[in-house]
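Note sheet for the following structure.
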Amino acid sequence: SQKCMRAGGKHNDLENVGRTRRHHTFFEMLGNFSFGDYFKKEAIEYAWELVTKEYGLPVEKLYFTVLKNAAVGKTDTKPPHPKHIPKDEGAAEAWSNVGVPSHRIFYMGQKDNFWQMGESGPCGPCSEIHYDLGPQASDEGHADCAFPCDCGRYVEIWNLVFMEYNIDQKGYVTKLPKPSVDTGMGLERIAAVIQGKLSNFETDLLWPLVEEAEELAGVEYGEKHETDVSLRILADHSRAAAFLIHDGVLPSNEGRNYVLRLIIRRACYHGQRLDLNQPFLFKLAGRVAEMMKDAYPELLESSVHVAKVIRAEEERYARTTKVGLEQLDKAFVEITVEENKGAEMRFSDWRVLYSSHRGNVESLKRHVAQIKAPWAGPKALPPFLGWVTGEELFKLHDTFGLRPDFVEDIVRNYGLTVAYTAYDMEMQRQRERARASWKGVAKEVLSPVYAEVLKKGKTTFEGYQQITSRDCTVLALLRESNLVEELPTGAKAEVVLDHTPFYAEAGGQVGDAGVLLREDTQEVVATVEDTYSPVSGLIAHRILSRAPIRVGDRLTAVVDTEKREATKRNHTGTHLLHAALRQVLGTHVKQAGSVVEPNRLRFDFSHFASISEDELQEIERLANDAILRNTAVQTEILDLDVALETGAMAFFGEKYPDRVRVVSVPDFSKELCGGTHVTRTGDIGILKITHEGSISAGVRRVEAVTGEKALEQFQAVTSVVYELATALKTSPKELPAMLEKLTESQRQLEKQLESLKLKMAQAQLSDVESRVRSVKDIKVLSLQVDELDRGQMRSLADTLRQRLKSGVVVLATTTNGKVSLITALTSDLTKRLHAGKIAQAIAQRLGGTGGGRPDLAEAGGKNPALLGTVLNEVYEIIGSML
Ligand code: ATP
Ligand code: MG
């Protein structure tokens, strides 16, 4: 038995799974092999013996196929290419000899009965055994179709491959000296046949999973086509996911890892269709280990890990596809009934329509035709075609992160496809639009002052190579936007030099700081606070002069290295973060803005879902991985077109010249960027994300620190943790448990306090009886209680009211110089008295207000000093109301 996965690559049955009752993504294939030992005749005899004698299947239910003919090998040379492979009479004869009547032997073409792994290598004819499950097994309701038919009635159980030929690298076909046999029988299919089931899913290999899914979803298998498909998918995919994860595959966006993600998502989607909106698949996968532990005991060891991975992926699905699926509902699908004439409608509308016409394609077609195509007339309509348009498909992927293959998988349930070609065109168009906008830079509005400066010359930026520039000439001096010839000491002004190592703020990176020195004496003449570019070609230094400066002076410009180095770390760090975000969250992540400062970096990007703690850690891990690899950061100047062609990421909407600078960390990140960067990624030291959140719909922000700041952050957090641990007399690791314990004991204490308070209040009531007085025929109790809140007073009033059986209760308490009061009466008295009116009357005497229901009311007052007296007056007040 071999474990098989057919959910991607050459053999991909994903689309079949669920739809049919005989396909799985994961299944077990039984087989026997001969390497140059027995061949066709023996293999057929063995198969016959096993199927008819051991399994006891009647020959009247079996069909046998053999190769009719095939053409293989190279097709463009002569002779004898391609090689013509003749009818496999040997196989037919062998079947005859064991006793198969000739009308049960079928000659079939190359597609079905010739096996070939790739362009070259061993190959040969094959012979298949099919079993007739009877007309009930037909998915298409065929009552008496004949073999071969694809409707589900005839199921291929065993394929015998006879490797007799070899195709060499050049495409020449030769006979193999030692022909071999390789056979494959689907365990689930033969189990269904032997157990007398119409479906693999009803065998003991899968039924417990179907049952568990039925129970989780509260539906029954066999009631409705749609739910059956979904239940089959849940059963199958939970098995596949469990085995894949057990074998070391983890869900992500590349290769087989993506196949796993797709399988889980497909299951989640079908779970949703069954109203399973909480993680459920991990439970089913847990059953898999139990069910299969006899054959695969190792599954038990990984079952906790498997459950964790699936659950995390289910949660991620819920988060990341929610918005995308809502968008898909709003997306337009195009339905064409006759060439070029179609209707466009929302996917959600189509879904409703499709479901209401379920099983009646003709009426659906007619309906569609009527929507927008009155031309269709009453004649029978050709089959309709429907797809999600390329534009929508592109938007769903580019903006909302739903991959086209996932969309296709969903819409297929509603008889639709997706427009892949149009999608590619849309992608191309988008690239061109972006390029056009990069090139179509609006002319800068030039302030006349800087136009003057430009006449004197431009600033050459030398900061990529050096941090000190000697012999820089002062081109211009500006004070409050006016050109001046000279600056006195202590002036805030701008200095423009003919060349400088100072980076002018751009692309999110802040400008440099530093000092300007007199060239000959090296005395400091100015501190540079910031640098920016007022117009392309000029770099202005914002300075505070420390000595007089004149136009034409010669200066040495020195950049503050500490600030520059820290900024560089954050800038390269930003690129790494960007790349890691795209790897973890998907390529729909696009930069929406960034700030690169010496102390921190901030990166805004498009993404519609929240980001989990796990994802954040993975992003951080990837970025730090790139740092640890200590790769050399490369910069090159390329034509814009070339740069974009090689996949460099650009900030949409940013203006780029024809020749652009490309900064790359090989195998990790490549961006158009004019900023300053570290030499090797290791210079960054470490990158720590400090904040993540949403800033507007579909835009999120991460902040991070690198280098020294990251160390500071690490030390600060660690020392707080240690302080806490010391204070709580425990170790950092035990902190969460300790805190949990403390919170719990606090909760207990609060509860105890509550009940104590109530007890105390009740103790005060020992003299309750003595305070009860009869006013006319009614029992009235007026009482002061201490330290009770409103809720407690109310429940106390209730208790007392019950104790009196029939009567009026007035309770009062004072807190913070205020009086609160409750009046309550038993329901039998509501015809004669009104609690609200009593409260009102009492409150008046206390300088407050009150009111409420006839049986329960509240009042407040500002005069606690009067409370004692007023409580004594209550009896009188009530008396006067009767
Ligand atoms: P089918 O046409 O039914 O998809 P196949 O031609 O792809 O079958 P083979 O590649 O010959 O099948 O595989 C050998 C055997 O493995 C088949 O005879 C069948 O019993 C089983 N098998 C193949 N694909 C699946 C699948 N997706 N799920 C379960 N069993 C399968
Ligand atoms: Mg197949």
Side-chain angles (χ1 to χ4, degrees), residues 1-33 43-44 46-47 50-51 55 57 61-67 70 88 91 106 108-118 122-133 137-140 147-163 181-195 197-207 209-210 229 232-233 235-240 243-244 259 262-263 266 292:
S1 161
Q2 265 178 300
K3 291 187 269 185
C4 285
M5 215 34 232
R6 288 194 176 175
K10 189 173 168 236
H11 290 294
N12 189 348
D13 278 336
L14 192 65
E15 187 185 334
N16 284 330
V17 176
R19 204 174 52 78
T20 77
R21 288 179 277 195
R22 62 184 190 282
H23 284 100
H24 304 291
T25 51
F26 168 84
F27 66 101
E28 292 176 272
M29 201 198 278
L30 311 177
N32 57 303
F33 311 92
I44 285 177
Y46 298 155
L50 182 63
V51 169
Y55 296 160
L57 305 185
K61 297 240 173 183
L62 297 171
Y63 291 91
F64 302 83
T65 67
V66 296
L67 178 70
D88 191 359
F106 285 75
M108 313 265 281
Q110 180 164 357
K111 194 170 78 50
D112 290 304
N113 281 58
F114 192 84
W115 183 87
Q116 173 175 2
M117 190 63 207
C123 58
C126 55
S127 186
E128 297 169 344
I129 305 177
H130 296 254
Y131 185 82
D132 178 3
L133 290 168
S138 171
D139 289 327
E140 272 138 53
F147 181 83
C149 181
D150 258 347
C151 69
R153 168 171 177 172
Y154 305 99
V155 54
E156 177 194 325
I157 53 174
W158 200 351
N159 190 0
L160 316 179
V161 178
F162 310 121
M163 279 179 270
V181 174
D182 176 355
T183 81
M185 168 156 63
L187 175 65
E188 297 74 7
R189 292 189 186 178
I190 192 70
V193 169
I194 292 174
Q195 293 173 13
K197 308 287 188 200
L198 295 181
S199 148
N200 295 1
F201 292 89
E202 288 166 55
T203 68
D204 53 356
L205 286 167
L206 285 132
W207 185 246
L209 292 173
V210 176
V229 169
R232 288 198 284 261
I233 285 176
D236 175 90
H237 289 12
S238 62
R239 227 165 64 124
F243 272 90
L244 279 175
V259 172
L262 191 58
I263 285 175
R266 200 166 183 255
M292 305 196 79

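Along the sequence shown, the residues carry numbers beginning at 1. Because the structure is predicted, anything quoted here is derived from the model rather than measured. Note that ligands are numbered from 1 as they come in the structure, with each ligand's atoms numbered from 1 the same way.
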Aromatic ring pairing Phe243/Phe26, orientation class (parallel under 30°, perpendicular over 60°, tilted between): parallel
Aromatic ring proximity, centroids under 6.0 angstrom, Phe147 and Phe106: yes
Heavy-atom side-chain proximity of Leu160 to Phe162 below 4.5 angstrom: yes
Smallest separation among heavy atoms of His24 and Leu206, with atom names: CE1-CD1, 3.4 Å
Those atoms of ligand 1 less than 4.0 Å from some heavy atom in Ile157: 18 (O), 20 (O)
Polar atom proximity, Arg6 to ligand 1 (N or O, under 3.5 Å): yes
Those atoms of ligand 1 less than 4.0 Å from some heavy atom in Arg22: 28 (N), 29 (C)
Criterion side chain to side chain contact (heavy atoms under 4.5 Å, CB included) on Arg21 and Arg232, from CA distance to verdict: CA-CA 8 Å; Arg21 288 179 277 195; Arg232 288 198 284 261; 3.4 Å; yes
Within reach of ligand 1, part of Asp112 (heavy-atom separation under 4.0 Å): neither
Whether Tyr63 and Tyr154 hold their rings parallel, tilted or perpendicular, with breakpoints at 30° and 60°: perpendicular
Gly186 N/O under 3.5 Å from ligand 1 N/O: yes
Exceeds 12 heavy-atom contacts within 6.0 angstrom, atom CG of Asp150: no
From the candidates Gly184, Cys4, Gly31, the one that places a heavy atom nearest atom 14 (C) of ligand 1: Gly184
Which atom of Ser127 lies closest to which atom of Val66, heavy atoms considered: OG-CG1, 3.6 Å
N or O contact, His11 vs ligand 1, cut-off under 3.5 Å: no
Ligand 1 contact on His23 by region, counting heavy-atom pairs under 4.0 Å: both
Region of Met29 engaging ligand 1 - heavy atom pairs below 4.0 Å: side chain
Ligand 1 N/O within reach of Asn159 N/O, cut-off under 3.5 Å: yes
Ligand 1 contacted by Arg189 (non-hydrogen, < 4.0 Å): yes
